[in-house]
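Being a predicted model, the structure only gives us computed values, none of them experimental. In what follows, every heavy atom counts, from backbone to side chain, and hydrogens, waters and symmetry copies are set aside.
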There are 2 protein chains.
Amino acid sequence: MKQKKIEAILSTAQKMFGRYGLQKTNLEEVAHMARVAKATIYNYFENKNAIYKEVLKTEADALLNKISQSVSRELSPKDKLTSFIKAKFSHMKKSVNILKVIKMGRERALIEERMICEYLFEKEVNIIHSILYEGVEKGVFHINNTLLSSRAIGESLRGFELNLSVRDNSDNFKNSLNELTQIVCSGIMAEKARLKA
Amino acid sequence: MKQKKIEAILSTAQKMFGRYGLQKTNLEEVAHMARVAKATIYNYFENKNAIYKEVLKTEADALLNKISQSVSRELSPKDKLTSFIKAKFSHMKKSVNILKVIKMGRERALIEERMICEYLFEKEVNIIHSILYEGVEKGVFHINNTLLSSRAIGESLRGFELNLSVRDNSDNFKNSLNELTQIVCSGIMAEKARLKA
DNA sequence: ATTGTACTATAATACGATTTAAGTCTAAAA
DNA sequence: TTTTAGACTTAAATCGTATTATAGTACAAT
């Protein structure tokens, strides 16, 4: 029962925040739509910001899960990395609140928002790192400092986030992203593995 | 004489816009600081936005010039590309108004601001493209679609722009950027050239 | 070509009045 | 025990209006 209520609150809050943003979202309305009393909301959450933070966190974790799943379906490290990038951007569209934060720019971002972005980034880098590490172990990747490389790749993908829901031609975006994937893969693959591909 | 005045106006406007932003910058004050009558400003510029646009354009062109110069000092395509990236980020710190726009996020950016960012990006991609093309011609780069690759590299660098004046450790930034440079270079270099390096 | 000044009109600001909504509390219902 | 409706307090958002600042113009003088 408890859990059901909490989920109802979070999922409607997610929609409302996504549509109207943190400020313009009315908790009274959220309560009504979630078929819950306002007091119940305050029974489970400190305040509005806490709900917002939880929504962002949930979105981030959902995204990370989707990515991890996609990655784990692949066998070769190269395919894992490719799948990471594909999954990240295809599932990111659903993370409406996170997307909003990214589009807004850090300048006026709340501490909660920045923290979640940082969290998401670090986790992504972790996943990339595990892929690179495995690649090196298997001898298909040739990388001196896997930690540094994973950060670098993570950062390079940030540029593409900005163009997610903004940009001109969607094909243009996909092509650029695929091309970068190719370049990066070639860039870190060991000679022998590279010649085979 | 004419040119001197225009330059005075633009350079003080650049400082003022950089400090206070478009809105909070007072043209009367700009006129005074540039030792020019307000009427003179309106003799050379349509309106405030036009000055702002010109300031942004000037910053962009200055940056592009610096980059081009740095690139042209190098001989090998690989060094040119490396130098491009280095120059872009080291000189970008001086483009205060452009940096401001980038940090703010597109959401609330004026059309003028977006256009300049687009312009800068396209020009950068052009430079990258000429480097890649030369590299392919010389046989040191192995790239199928140089145009696509240059866009991809351009986009990947965008992620780093966000961290220019924002981020934690500056060394961290430099290291990541260097690492990406390495990866990209390896990724596009032909086998023989790669083995030599 | 440039300036100073005076001018207009519009946009920014300030501020008090009003409304909205966050957050609390309680007593009753489930 | 958890949940609810509703009353309540208080802080913030909104609104209307008065005020000010300043973008932009016009012009006579240099």
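One can place CD1 of Ile41(A) at 15 Å from C1' of dT2(D), the figure rounded to the nearest angstrom. Rounded to whole angstrom, the span from the CD1 atom of Ile9(A) across to the P atom of dT3(D) amounts to 9 Å. Rounded to a whole Å, the CD atom of Glu29(B) is 18 Å from the C1' atom of dG24(D). Going from atom CE of Met16(A) over to atom C1' of dA21(C) covers 13 Å, rounded to whole Å. Here the C1' atom of nucleotide dT3(C) and the NE2 atom of His32(B) are 13 Å apart, to the nearest Å. Atom P of nucleotide dT20(D) and atom CG of Asn26(B) are separated by 17 Å, given to the nearest angstrom.
Applying the 6.0 Å contact sphere to NZ of Lys80(A) captures more than 12 heavy atoms from other residues, nucleotides or ligands. In this structure, Lys48(B) places its NZ atom where more than 12 heavy-atom neighbours from other residues, nucleotides or ligands lie under 6.0 Å away. Within 6.0 Å of NZ on Lys100(B) lie more than 12 heavy atoms contributed by other residues, nucleotides or ligands. Under a cut-off of 6.0 angstrom, the local environment of OH in Tyr133(B) is sparse, with at most 12 non-hydrogen atoms contributed by other residues, nucleotides or ligands.
Of the residues in residues 42-53 of chain A, those with a non-hydrogen atom less than 4.0 angstrom from any atom of DNA chain C are Tyr42(A), Asn47(A), Lys48(A).
Here the nucleotide nearest the side chain of Thr40(A), chosen from dA23(D), dT2(C), dT3(D), is dT3(D). Of the candidates dT3(D), dA23(D), dT3(C), dA23(D) carries the atom nearest the Leu27(B) side chain, counting heavy atoms from C-beta on.
Of the options Val184(A), Leu132(A), Asn144(A), Val136(A), a side chain to side chain contact (heavy atoms under 4.5 Å, CB included) to Ser149(A) is made by Leu132(A) and by none of the others.
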Using nucleotides 28-30 of chain D, report all nitrogen or oxygen pairs with the protein that are shorter than 3.5 Å.
none

Contact list (N/O, under 3.5 angstrom) for nucleotides 5-13 of chain D vs protein:
unit_1  : atom_1 : unit_2   : atom_2 : d
dA13(D) : OP1    : Gln23(A) : NE2    : 3.2

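Under a 3.5 Å cut-off, the side chain of Glu59(B) and the backbone N or O of Ile98(B) do form a donor-acceptor pair. Under the 3.5 Å distance criterion, the side-chain polar atoms of Asn175(A) are matched with a main-chain donor or acceptor of Asp171(A). Remark: side-chain polar atoms of Ser83(B) are paired, donor with acceptor, to backbone N or O of Ser70(B) under 3.5 angstrom. For the pair Ser156(B) (side chain) and Ile153(B) (backbone), a donor-acceptor distance under 3.5 Å is present.
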Identify each donor-acceptor pair in which a side-chain atom of residues 20-39 of chain B lies under 3.5 Å from a protein atom, sequence neighbours left out, and give them as a table.
unit_1   : atom_1 : unit_2   : atom_2 : d
Thr25(B) : OG1    : Met16(B) : O      : 3.2
Thr25(B) : OG1    : Gly21(B) : O      : 2.7
Asn26(B) : OD1    : Glu28(B) : N      : 2.8

field: CA sep, side-chain torsions, deciding dist, call: Lys94(A), Leu99(A), side chain to side chain contact (heavy atoms under 4.5 Å, CB included)
entry: CA-CA 8 Å; Lys94(A) 292 162 202 158; Leu99(A) 271 184; over 6 Å; no
- line: Pairing string of DNA chain D (Watson-Crick or G-U wobble, both atom distances under 3.5 Å; | = paired to other strand) is ||||||||||||||||||||||||||||||
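Residue pairs satisfying the ring-ring contact (aromatic ring centres under 6.0 Å, His included) criterion with at least one member in residues 85-109 of chain A, sequence neighbours excluded, are listed as follows: Phe89(A)-Phe173(A).
Linking ILVMFWY side-chain heavy atoms closer than 4.5 Å, directly or via other members, places Ile102(A) and Met104(A) in two distinct hydrophobic clusters.
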